[in-house]
Amino acid sequence: QVQLVESEGGLVQAGGSLRLSCAASGRTFSSYRMGWFRQAPGKEREFVATISQTGGSIYYGDSAKGRFTISRDNAKNTVYLQMNSLKPEDTAVYYCAASSEATITHRPHNYDYWGQGTQVTVSS
C-alpha cells in the first residue's frame with residue numbers, strides 16, 4: 001500500500017504561481033512512477049504530468065506544457081508540481097497518483113494509488 005497526501009492548494013490570481021506537493025508513505029516511493037491529474041466540475045479527470053521512478057523521464061499533458069513542472073525527491077518521498085502562469089481554466093481538484101508502470105502512461109486506470117485531492121482555484 002502507498003498513502004499519498006497532497007499539500008493544500010489554494011486561491012491564486014491569474015498569472016500567478018503555485019507549487020503542490022504530494023508526500024508518500026508506505027512501500028518504496030522510488031519504485032513508483034508518479035503522476036498529477038486534475039478534475040474540474042462536470043469534466044473528466046485530466047492528465048497533467050508524469051515522472052518516472054528515477055525522474056529521468058517526464059511527460060506533460062497539453063494543458064501543462066510550458067507552464068507546469070513536475071519533479072520528485074526520492075529521499076523525501078515527495079513529488080511536486082510547480083504551476084506558473086496560471087489561468088482560470090486551471091481551476092480544478094488536483095490529484096497525485098502512483099503507478100507501478102515502467103512506461104509513460106497518462107491513463108488514470110494505470111495508476112494504482114491516489115491522493116485525496118486538493119482544490120486549486122484561479123481567479124480572473
Side-chain angles (χ1 to χ4, degrees):
Q1 286 283 342
V2 176
Q3 291 80 42
L4 302 172
V5 179
E6 295 100 342
S7 61
E8 189 172 340
L11 173 65
V12 62
Q13 288 188 333
S17 298
L18 191 64
R19 188 176 84 154
L20 302 180
S21 62
C22 173
S25 61
R27 287 191 163 185
T28 306
F29 175 73
S30 60
S31 67
Y32 288 91
R33 163 177 295 281
M34 298 300 296
W36 285 96
F37 292 79
R38 68 186 186 184
Q39 190 165 18
K43 294 188 177 181
E44 293 187 352
R45 193 161 294 191
E46 177 188 8
F47 168 74
V48 175
T50 185
I51 185 168
S52 64
Q53 287 80 346
T54 63
S57 175
I58 289 173
Y59 181 70
Y60 294 99
D62 289 342
S63 63
K65 289 177 182 175
R67 299 188 300 127
F68 294 2
T69 302
I70 188 172
S71 62
R72 67 188 295 162
D73 185 339
N74 286 345
K76 295 183 178 180
N77 287 1
T78 302
V79 61
Y80 304 95
L81 184 67
Q82 176 67 44
M83 303 184 291
N84 298 328
S85 302
L86 283 163
K87 305 174 183 179
E89 50 264 45
D90 294 318
T91 295
V93 176
Y94 284 72
Y95 299 88
C96 69
S99 170
S100 56
E101 294 281 336
T103 55
I104 291 172
T105 177
H106 64 283
R107 301 183 185 280
H109 68 258
N110 285 336
Y111 287 78
D112 307 296
Y113 303 101
W114 292 82
Q116 80 284 359
T118 188
Q119 177 70 47
V120 172
T121 302
V122 183
S123 63
S124 58

Rounded distance (nearest 0.5 Å) linking atom [atom1] of [X] with atom [atom2] of [Y]:
X      : Y      : atom1 : atom2 : result
Arg19  : Asn84  : CZ    : CG    : 11.5 Å
Phe68  : Leu18  : CZ    : CG    : 9.0 Å
Cys96  : Glu6   : SG    : CD    : 4.0 Å
Arg72  : Ser52  : CZ    : OG    : 7.0 Å
Gln39  : Gln119 : CD    : CD    : 11.0 Å
Ser123 : Gln13  : OG    : CD    : 5.0 Å

Please report the C-alpha distance between Ser71 and Gln82 in whole Å, then the side-chain angles of each, then the deciding distance to 0.1 Å, and finally whether the side-chain contact (heavy atoms from CB on, under 4.5 Å) criterion is met. CA-CA 8 Å; Ser71 62; Gln82 176 67 44; over 6 Å; no

Looking only at heavy atoms, what is the nearest atom pair of [X] and [Y], with distance?
X     : Y      : value
Ala24 : Phe29  : CB-CD1, 3.3 Å
Leu4  : Cys22  : CB-SG, 3.8 Å
Pro88 : Ser124 : CG-CB, 3.8 Å

Going only through I, L, V, M, F, W and Y residues with side-chain contacts under 4.5 Å, is there a path from [X] to [Y]?
X      : Y     : answer
Tyr32  : Leu20 : yes
Met34  : Val5  : no
Leu11  : Leu86 : no
Tyr94  : Tyr59 : no
Ile104 : Leu81 : no

Within 45 degrees of the axis of the six-membered ring of Phe47 and under 6.0 Å from its centre: does Arg38 put its NZ or CZ there? no

Taking the six-membered ring of Tyr95, is NZ or CZ of Arg45 closer than 6.0 Å to its centre and within 45° of its axis? yes

Say whether [X] and [Y], considering side chains only, have a donor N or O and an acceptor N or O under 3.5 Å apart.
X     : Y      : result
Ser99 : Asn110 : no
Gln53 : Ser30  : no
Thr78 : Asp73  : no

Between Ile51 and Tyr80, does the side-chain contact (heavy atoms from CB on, under 4.5 Å) criterion hold? Intermediate values first, please. CA-CA 10 Å; Ile51 185 168; Tyr80 304 95; over 6 Å; no

Report the C-alpha distance between Thr105 and Thr50 in whole Å, list the side-chain angles of each, state the deciding distance to 0.1 Å, and finish with yes or no for side-chain contact (heavy atoms from CB on, under 4.5 Å). CA-CA 8 Å; Thr105 177; Thr50 185; 5.6 Å; no

Partner of Met83 by side chain to side chain contact (heavy atoms under 4.5 Å, CB included), out of Val122, Asp90, Val120: Val120

One pair to check against side-chain contact (heavy atoms from CB on, under 4.5 Å): Ser63 and Glu46. What are the steps and the verdict? CA-CA 9 Å; Ser63 63; Glu46 177 188 8; 3.1 Å; yes

Measure centre to centre between the rings of Trp114 and Phe37, then say whether the value is under 6.0 Å.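 Judged by ring-centre distance (under 6.0 Å), Trp114 and Phe37 do meet the cut-off.
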
State, yes or no, whether a side-chain contact exists between Tyr60 and Val48 at a heavy-atom distance under 4.5 Å. no

Examine distances only and state if a side-chain atom of Ser7 and a backbone atom of Ser21 form a donor-acceptor pair shorter than 3.5 Å. yes

